[in-house]
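For this chain, numbers begin at 1 and follow the sequence in order.
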Amino acid sequence: MAEADGKSTVLNGKGSARENNLLFILAIIMRAVILLTPDNQTTCLVFLEGEEEDDTDSMDGSGLYTLTEDGDRESESGKERGRDKDDGKRAARKRNRPSGGTNHSSSSDEDDDEDEEEEQKDDEDDDEAMEAWLGAELRDLRGPVWQAVPSLRSREIGKDSHQFVRRVCGARGLVQRLELQGRLDRHTGCVNTLHFNPSGTRLASGSDDLRVVIWDWAIRRAELEFDSGHKSNVFQAKFLPHSGDSTLAMCARDGQIRVAELSATQRCKNTKRVAQHKGAAHKLALEPDSPCSFLSAGEDAVVFGIDLRLDRPANKLVIVKEGDKKVGLYTIFVNPAKTHHFAVGGKDQYVRIYDQRKINENDNNGVLKKFCPSHLVSSESKTNITCLVYSHDGTELLASYNDEDIYLFDSNHSDGADYRRRYKGHRNNATVKGVNFYGPCSEFVVSGSDCGHIYLWDKYSARIVQFMEGDKGGVVNCLEPHPHLPGMATSGLDHDIKLWAPTAESPTTLKGLKEVMKKNKRERDEDSVRHGDQYDTQLLWFLMRHMRNRRSPRGAEADTDESWTSPDSSDEEEGGPDHVQCMSS
């Protein structure tokens with residue numbers, strides 16, 4: 001097919017990155033235009049002339065999520081199994097009920113009828129409550145903001161051509177056509193981190209196997225693979241901006257913050273430790289315009305500011321506290337519009353925003369402002385924030401709570417303001433789940449789930465517009481949208497990376513969505529009743545470290561050098577080597 005040939009040209013062409021990106025987008029648009037043609041034999045030209053006002057953003061409206069559509073037929077078999085199970089329970093109760101002879105047979109039948117009526121009423125009440133919960137806080141989807149044919153024609157005559165790519169990437173119709181394009185398979189452990197370089201031509205991944213891989217994702221080839229130097233699970237690996245893709249910052253469960261120096265000849269020169277947390281370090285935050293500065297956050301409640309130009313790169317910015325109690329951190333993000341502001345989240349329910357220019361820990365523990373959903377402020381459940389991220393312009397802040405929902409805050413609101421939107425249906429319990437915006441103007445919200453699916457919500461309406469199976473292992477953790485193209489990369493418990501693009505022949509029908517959402521909610525409610533405090537991650541880390549230290553050391557290739565570690569960093573032996581020479585695989 002013509003559209004297939006177009007994709008092949010993009011993936012294997014040797015033009016510039018900008019040309020390849022444009023060709024890729026045009027191939028997707030033309031495919032969408034052809035697929036929307038009333039007669040598959042009709043050429044694209046005929047369609048352009050006869051159907052120019054067709055709206056390809058709405059995609060026939062078939063992807064709109066409501067509580068009474070999509071997946072009902074597919075769930076009938078599950079409902080029948082549920083009814084059979086209930087019938088079996090009733091039969092068991094009937095067998096176990098003491099029989100007083102034939103005189104009591106009529107009363108026994110009446111009791112059975114009453115039990116069935118009560119159970120049926122309870123089931124109906126539960127279903128009504130579930131439907132009400134799923135349908136609450138939703139708004140109507142806005143009309144489409146992008147039309148394929150008029151947009152293509154405007155580009156042909158040079159009108160608004162500079163906005164073409166941005167509008168395509170933020171089109172709901174293409175989000176509803178996302179499908180799996182391919183896999184990148186190299187790691188031998190769970191893939192915990194994904195990050196595109198600024199131009200979008202390379203993808204970095206890190207894994208439990210302690211290795212980092214740099215991919216040419218378009219041709220699905222690993223260009224560089226090297227040992228990270230970490231002693232435990234690599235949690236993040238990010239290209240520093242404006243560094244020519246030569247500097248990669250990394251953090252891991254061992255608490256180390258390391259920097260890898262990459263050469264133009266596809267080699268890793270070395271990795272150096274620049275800071276050491278006294279606990280796992282889950283996230284790094286890049287400063288958008290700086291090739292040598294970034295932030296790190298750890299479960300020791302410490303935020304480090306790291307400047308690679310200094311002899312001692314790490315500077316302790318703040319110890320995050322609630323009152324006198326330290327709050328371990330899982331996530332950190334720099335405001336892209338106000339780069340002196342950064343937000344953190346972790347082992348309590350508060351999103352905290354700090355200003356690097358004026359952190360005074362004697363004044364409100366240095367916090368500029370903090371946000372929390374009002375119903376979680378006094379909640380007895382131990383709610384954590386597993387991930388937060390700013391929108392493209394820094395005006396909004398998205399936070400994902402474990403075994404709760406995803407909340408959108410206005411970052412310009414005053415201290416203590418409540419959330420603006422709530423996104424629900426997924427499950428965030430088994431791992432430290434990520435969340436992200438999707439689209440050049442943050443038009444959508446995307447998250448993984450413990451059920452193995454990927455969810456995309458329309459940001460304004462909070463309605464689900466895409467629902468895809470993303471991980472056979474059962475959990476999707478990382479979601480990395482491409483910086484310039486309509487697509488993304490995801491990973492989870494599977495050992496591969498999945499690439500997604502809007503090439504499906506028809507928009508999603510959200511098949512089976514409602515039943516999966518209900519299942520996630522029931523399991524969440526059951527766990528909240530059944531589970532007490534979760535295992536302390538420090539205890540788990542201690543046990544893992546103890547078991548690892550009983551094995552033979554793997555330091556044959558390590559060569560220690562002058563440390564870049566901060567005086568505030570931990571000097572524990574298990575921190576690993578400061579300097580590792582590494583060669584590509």
Only one of Trp500, Tyr438, Phe196 passes ring-ring contact (aromatic ring centres under 6.0 Å, His included) with His482, and that residue is Phe196
Mind checking whether Phe239 and Arg202 have side chains closer than 4.5 Å, heavy atoms only?
yes
Suppose we screen for side chain to side chain donor-acceptor pair (under 3.5 Å). Which residues come up paired with Ser207, at least two apart in sequence or across chains?
Asp209
Do Arg352 and Glu322 sit within salt-bridge range, that is, some charged N less than 4.0 Å from a carboxylate O?
yes
Taking Ser449 as the fixed residue, which of Asp471, Asn520, Val476, Ile454 is the one that meets the side-chain contact (heavy atoms from CB on, under 4.5 Å) rule?
Asn520
Pairwise side-chain contact, Asp410 with Glu396, heavy-atom cut-off 4.5 Å (strictly under):
no
So Lys459 and Tyr423, do their side chains get closer than 4.5 Å, heavy atoms only?
yes
From the options Lys433, Arg427, Lys424, Arg524, select the one residue that forms a salt bridge (charged side-chain N to carboxylate O under 4.0 Å, His left out) with Asp405.
Arg524
Please determine, by modelled atom types, if Thr201 and Asn197 share a side-chain donor-acceptor pair under 3.5 angstrom.
yes
Intermediate values then yes/no, ring pair (Phe, Tyr, Trp, His ring centres under 6.0 Å), His392 and Phe437
CA-CA 8 Å; His392 71 290; Phe437 286 102; 8.2 Å; no
Side-chain donor/acceptor of Asp450 to backbone N/O of Asn429, under 3.5 Å:
yes
Lys278, Arg253, His282, His277 screened by side-chain hydrogen bond (donor to acceptor under 3.5 Å, both in side chains) with Glu299, the one that passes:
His282
Do Arg421's NZ or CZ and the ring of Tyr407 fall within the cation-pi criteria of under 6.0 Å and 45°?
no
Check whether any side-chain N or O of Asp254 sits under 3.5 Å from a backbone N or O of Lys231 as a donor-acceptor pair, and report yes or no.
yes
Can you tell me which residue among Phe371, Tyr350, Tyr390 is in a ring-ring contact (aromatic ring centres under 6.0 Å, His included) with Phe409?
Phe371
Between Lys370 and Asp415, is the closest basic N to carboxylate O distance under 4.0 Å?
no
Do Ile385 and Tyr330 have side chains that approach each other closer than 4.5 Å (heavy atoms only, starting at C-beta)?
no
Assess whether a salt bridge exists between Lys498 and Asp494, defined as any Lys/Arg side-chain N lying under 4.0 Å from an Asp/Glu carboxylate O.
yes
Would a distance-only check, ignoring hydrogens and angles, find a side-chain to backbone donor-acceptor pair under 3.5 Å from Asn364 to Gly366?
no
